[in-house]
Colleague: 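Handing you a structure now.
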Amino acid sequence: MSFPDRKETEVRRMLEGPYPALPPDLADRAAERGRRMLHRHQVVRTIGWLLLLAAVVAFGVWAAIVEPWAAPPPTDTTPPLEGW
């Protein structure tokens with residue numbers, strides 16, 4: 001048989017003892033903090049979507065100007081081979 005661990009004994013003593021008093025406005029403070037967190041997450045999500053939209057628009061404008069799907073113009077960097 002194993003003896004109870006010191007930590008286990010201490011935890012059991014803490015759980016059996018009197019519980020500390022909670023502040024009366026704890027629920028209100030927790031709800032307000034939750035609202036602030038939700039608002040912050042919503043703002044971050046909105047900014048993320050706006051950045052994604054701006055990136056898509058910038059890519060569309062770049063693609064319309066550069067036309068990367070078109071064939072490159074012919075280059076005349078080397079002389080033609082004649083007389084072979």
Side-chain angles (χ1 to χ4, degrees):
M1 179 173 163
S2 64
F3 292 104
D5 190 12
R6 180 186 59 85
K7 292 181 182 179
E8 180 182 346
T9 306
E10 187 174 339
V11 168
R12 288 185 186 276
R13 184 179 49 81
M14 288 173 56
L15 290 175
E16 291 172 357
Y19 299 111
L22 297 176
D25 63 339
L26 181 64
D28 295 332
R29 290 189 322 204
E32 181 60 32
R33 183 175 183 203
R35 278 192 288 275
R36 282 195 313 262
M37 286 175 58
L38 285 174
H39 184 302
R40 189 177 305 127
H41 285 278
Q42 185 180 16
V43 167
V44 169
R45 191 179 315 119
T46 302
I47 289 173
W49 278 109
L50 289 175
L51 286 174
L52 179 65
L53 178 66
V56 168
V57 168
F59 177 76
V61 169
W62 171 81
I65 292 172
V66 175
E67 295 181 2
W69 56 86
T75 58
D76 294 329
T77 57
T78 58
L81 294 175
E82 294 176 359
W84 279 83

Colleague: What pair of heavy atoms forms the shortest contact from Ala63 to Pro68, and how long is it?
Modeller: O-CD, 3.6 Å

Colleague: Same hydrophobic cluster for Met37 and Val44, using side-chain heavy-atom links shorter than 4.5 Å among ILVMFWY?
Modeller: no

Colleague: List the steps, then state whether side-chain contact (heavy atoms from CB on, under 4.5 Å) holds for Arg29 with Leu26.
Modeller: CA-CA 5 Å; Arg29 290 189 322 204; Leu26 181 64; 3.7 Å; yes

Colleague: Might you confirm whether atom CD of Glu8 has over 12 heavy atoms from other residues, nucleotides or ligands at distances under 6.0 Å?
Modeller: yes

Colleague: Decide salt bridge (Lys or Arg N to Asp or Glu O under 4.0 Å) for Lys7 and Glu10; before the verdict, give the C-alpha distance in whole Å, the side-chain angles of both, and the deciding distance to 0.1 Å.
Modeller: CA-CA 5 Å; Lys7 292 181 182 179; Glu10 187 174 339; over 6 Å; no

Colleague: Take atom CZ in Arg36; do more than 12 heavy atoms of anything else shown fall under 6.0 Å from it?
Modeller: yes

Colleague: May I ask whether Val43 and Leu51 are part of the same hydrophobic cluster, defined by side-chain heavy atoms of I, L, V, M, F, W, Y residues being less than 4.5 angstrom apart, directly or through others?
Modeller: yes

